[in-house]
Amino acid sequence: MGEAPDDPDGAVRIGFGGAPVVPLDGLASGGSGAACFLGVDPDLSRRFGGKSDGAAAFVRHSSARMRPWTRRYRPSAVDVGVLTGDAGDVVRGISEVCSAAFAAGYVPVVVGGDHTVSYPVAVTAAARHSDLTYVYLDAHLDLGFHLDASGDVHNGNFVAALAAGGAFREVVNIGARAWTTYDEAYDPGGPVTIVRDVDPGGLSFLSGRKVHVSLDVDVLDPVYVPNTGSREPFGATPEQVGRVMAWIADHCTVVSADVSEIVPDPAHKATAEIAMRCIHELVKERKTR
């Protein structure tokens, strides 16, 4: 499922966020809630062409140098590869890999290009975990109210499909700020609970819940992540997102996660490190005695 840079020590292959690469069939049971990273290279929806094709490989390579930190603070995190190929096959592969990660006691974390990758991860998680809340950090609401009514699920409307499916206790957005999100169509009473501030202070209602967490990096200000698909001004800082992720980790049960909307750009590798550090704040493996 792809290659990864060498470990600085030369012992193992290193992938997403400094996690070692292991074969999927080599996952040991008792993952203790550690992250199991899976990459998705193709842009699944192709609404804007294929500009995010190769995003997973980019993030994987650009964040591998985090290994010394990850070895110390997230020693059980693993990387099981990158999916490529036909979109339909990739979506099925996401579900299969997530199911295997669940069975081994890991928290599956999918790293993709366009935000559509969140859909199969969340649906797979909801089938396994009842009473699940879908939480997404995103500058946009992805409800599709301003888009065509083709019926296709894509990165501009997939949240509406998740909300309509009835598999989730609640769908919660954190950080919506695009101008269209202030349209009266999104007033209270809609399918999504909107928390505008990227701050743990407004999240107490989530305490104690099981959650799937989706990070669209455009929730961050483009000064920090210039290589994202739909940039919006007045965004969050990495520190703000990191604090929200840490709060969720400490007050909720994180069962799965995804991160998306990174456009490959060798001039802005730091975007990959910011995204992966935020995910590491979210998925903290349980300590065993």
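Note that the structure is predicted; figures quoted are calculated from it, not measured.
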Undergrad: Distance from Cys278 atom SG to Arg243 atom CZ, nearest 0.5 Å?
TA: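 Spacing of SG (Cys278) from CZ (Arg243) equals 11.0 Å.
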Undergrad: Looking at Asp114 and Asp43, would you say the former's side chain and the latter's main chain have a donor-acceptor pair under 3.5 Å?
TA: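 Absent.
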Undergrad: Would a line drawn from the ring center of His280 to the ring center of Phe37 be shorter than 6.0 Å?
TA: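 Between His280 and Phe37, the centre distance is under 6.0 Å.
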Undergrad: Is the backbone N or O of Ala160 less than 3.5 Å from a side-chain atom of Asn157, with the two atoms forming a donor-acceptor pair by type?
TA: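 No: the side chain of Asn157 does not pair with the backbone of Ala160.
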Undergrad: Let me see the working for Tyr106 and Glu285 under side-chain contact (heavy atoms from CB on, under 4.5 Å), right down to the final yes or no.
TA: CA-CA 9 Å; Tyr106 287 85; Glu285 53 211 67; over 6 Å; no
Undergrad: Counting only N and O atoms by type, is there a donor-acceptor contact under 3.5 Å from the side chain of Asp218 to the main-chain atoms of Thr228?
TA: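 Not at all, since once roles are kept as given, no pair shorter than 3.5 Å links the two residues.
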Undergrad: Looking only at atom types and distance, does a side-chain atom of Asn173 sit under 3.5 Å from a main-chain N or O of Ile194, one as donor and one as acceptor?
TA: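 The answer is no, because no donor-acceptor pair under 3.5 Å joins these two groups.
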Undergrad: Look up atom CD in Glu239 and atom CZ in Arg277, then write down how far apart they are to the nearest 0.5 Å.
TA: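 Here the rounded value is 10.0 Å.
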Undergrad: Any chance you could measure Leu220, atom CG, to Thr237, atom OG1, to the nearest 0.5 Å?
TA: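 With rounding to 0.5 Å, CG (Leu220) is 7.5 Å from OG1 (Thr237).
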Undergrad: Just by distance, do the side chain of Lys210 and the backbone of Asp131 share a donor-acceptor pair under 3.5 Å?
TA: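 Side chain of Lys210 to backbone of Asp131: no pair is present.
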Undergrad: Is Trp69 linked to Met276 within one hydrophobic cluster, defined over Ile, Leu, Val, Met, Phe, Trp and Tyr using a side-chain heavy-atom separation of less than 4.5 Å?
TA: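 Cluster IDs for Trp69 and Met276 differ.
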Undergrad: Are side-chain heavy atoms of Ile274 and Val217 found at a separation under 4.5 Å?
TA: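 No. Closest side-chain heavy atoms not under 4.5 Å.
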Undergrad: Look only at the side chain of Asp79 and the backbone of Val21, and say whether a donor-acceptor pair between them is shorter than 3.5 Å.
TA: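 Pair absent, no side-chain N/O of Asp79 close to backbone of Val21.
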Undergrad: Side-chain contact, heavy-atom cut-off 4.5 Å: His212 with His129?
TA: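 Not in contact.
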Undergrad: Between OH of Tyr119 and CZ of Phe158, what distance do you get to the nearest 0.5 Å?
TA: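 Taking OH in Tyr119 and CZ in Phe158, the distance rounds to 10.5 Å.
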Undergrad: Show, in sequence, the C-alpha distance, side-chain angles and deciding distance for Val109 and Leu38, and conclude whether the side-chain contact (heavy atoms from CB on, under 4.5 Å) test is met.
TA: CA-CA 6 Å; Val109 180; Leu38 169 69; over 6 Å; no
Undergrad: Check whether more than 12 heavy atoms from other residues, nucleotides or ligands sit under 6.0 Å from atom CZ of Phe205, and answer yes or no.
TA: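 More than 12 within 6.0 Å, yes.
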Undergrad: So which atom in Ile94 and which in Pro120 form the shortest heavy-atom distance, rounded to 0.1 Å?
TA: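 Minimum heavy-atom separation between Ile94 and Pro120: CD1-CG, 3.8 Å.
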Undergrad: Are there more than 12 heavy atoms of other residues, nucleotides or ligands under 6.0 Å from atom CZ of Arg209?
TA: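 Enclosed.
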Undergrad: List the atom of Val110, the atom of Cys98, and the distance in Å for their closest heavy-atom pair.
TA: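 Answer, listing the atom of Val110 first, then Cys98: CG2-SG, 4.1 Å.
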Undergrad: So which atom in Ser62 and which in Ala272 form the shortest heavy-atom distance, rounded to 0.1 Å?
TA: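 Closest heavy-atom pair between Ser62 and Ala272: CB-CB, 3.7 Å.
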Undergrad: Grouping I, L, V, M, F, W and Y whenever their side-chain heavy atoms are under 4.5 Å apart, do Val159 and Val123 come out in a common cluster?
TA: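 Yes, same cluster.
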Undergrad: Any side-chain donor-acceptor pair under 3.5 Å between Ser207 and His251?
TA: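 No, because no side-chain N or O of Ser207 sits under 3.5 Å from a partner of the opposite role on His251.
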Undergrad: In terms of hydrophobic clustering (I, L, V, M, F, W, Y; side-chain heavy atoms under 4.5 Å; direct or indirect links), are Ile279 and Trp247 co-clustered?
TA: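 They do share one cluster, since a chain of ILVMFWY contacts under 4.5 Å joins Ile279 to Trp247.
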Undergrad: Can a side-chain donor-acceptor contact be found between Asp258 and Ser118 if the only test is distance below 3.5 angstrom?
TA: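 Yes, because at least one side-chain N or O of Ser118 sits under 3.5 Å from a partner of the opposite role on Asp258.
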Undergrad: Please, which pairs that meet side-chain hydrogen bond (donor to acceptor under 3.5 Å, both in side chains) have at least one residue in residues 194-204, sequence neighbours excluded?
TA: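 Counting only pairs at least two positions apart or across chains, the side-chain hydrogen bond (donor to acceptor under 3.5 Å, both in side chains) contacts touching residues 194-204 are Thr181-Arg196.
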Undergrad: Does any part of the side chain of Leu203, heavy atoms only, come nearer than 4.5 Å to the side chain of Ile174, both counted from C-beta?
TA: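 They are in contact (side-chain heavy atoms under 4.5 Å apart), so the answer is yes.
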Undergrad: For Arg60 and Val111, what are the C-alpha separation, side-chain angles and deciding distance, and is it a side-chain contact (heavy atoms from CB on, under 4.5 Å)?
TA: CA-CA 9 Å; Arg60 197 184 202 200; Val111 183; over 6 Å; no
Undergrad: What I'd like to find out is whether the side chain of Asp138 reaches to under 4.5 Å of the side chain of Ser214, using heavy atoms alone.
TA: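 In short, these two side chains do not touch, never coming nearer than 4.5 Å.
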Undergrad: Taking atom types as modelled, find out whether Asp142 and His115 have a side-chain donor-acceptor pair closer than 3.5 angstrom.
TA: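 Note: Asp142 and His115 side chains meet the donor-acceptor criterion.
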Undergrad: Would you compute the distance between atom CD of Glu261 and atom OG1 of Thr271 and round it to the nearest 0.5 angstrom?
TA: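 So the gap between those two atoms works out to 12.5 Å.
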Undergrad: Are Val244 and Val254 connected, step by step, through hydrophobic side chains (Ile, Leu, Val, Met, Phe, Trp, Tyr) whose heavy atoms are closer than 4.5 Å?
TA: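 Yes.
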Undergrad: Report yes or no: do Val211 and Phe102 belong to one cluster of Ile/Leu/Val/Met/Phe/Trp/Tyr joined by side chain heavy-atom distances under 4.5 Å?
TA: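 Cluster IDs for Val211 and Phe102 differ.
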Undergrad: If you look at every heavy atom in Phe16 and Val59, which pair is closest and at what distance?
TA: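 Nearest heavy atoms, Phe16 then Val59: CD2-CG1, 4.0 Å.
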Undergrad: Quick check for you: to the nearest 0.5 Å, what is the distance between Lys269 atom NZ and Ile262 atom CD1?
TA: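 Those atoms lie 14.0 Å apart.
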Undergrad: How close do Pro264 and Asp53 get, heavy atom to heavy atom, and via which atoms?
TA: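 Minimum heavy-atom contact is CG-O, 3.5 Å.
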Undergrad: Hey, mind stepping through Tyr136 and Val219 against side-chain contact (heavy atoms from CB on, under 4.5 Å) and telling me if it holds?
TA: CA-CA 10 Å; Tyr136 65 119; Val219 74; over 6 Å; no
Undergrad: Within the side chain of Thr124, is there an N or O that forms a donor-acceptor pair under 3.5 Å with the backbone of Ser95?
TA: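 Not confirmed, Thr124 side chain does not pair with Ser95 backbone.
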Undergrad: Is the backbone of Glu232 close enough, under 3.5 Å, to the side chain of Arg177 for a donor and an acceptor to pair up by distance?
TA: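 Answer holds: yes.
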Undergrad: Which heavy atom of Pro233 sits nearest to which heavy atom of Pro222, and what is that distance?
TA: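 The pair with the smallest heavy-atom distance is CA-CD, 4.4 Å.
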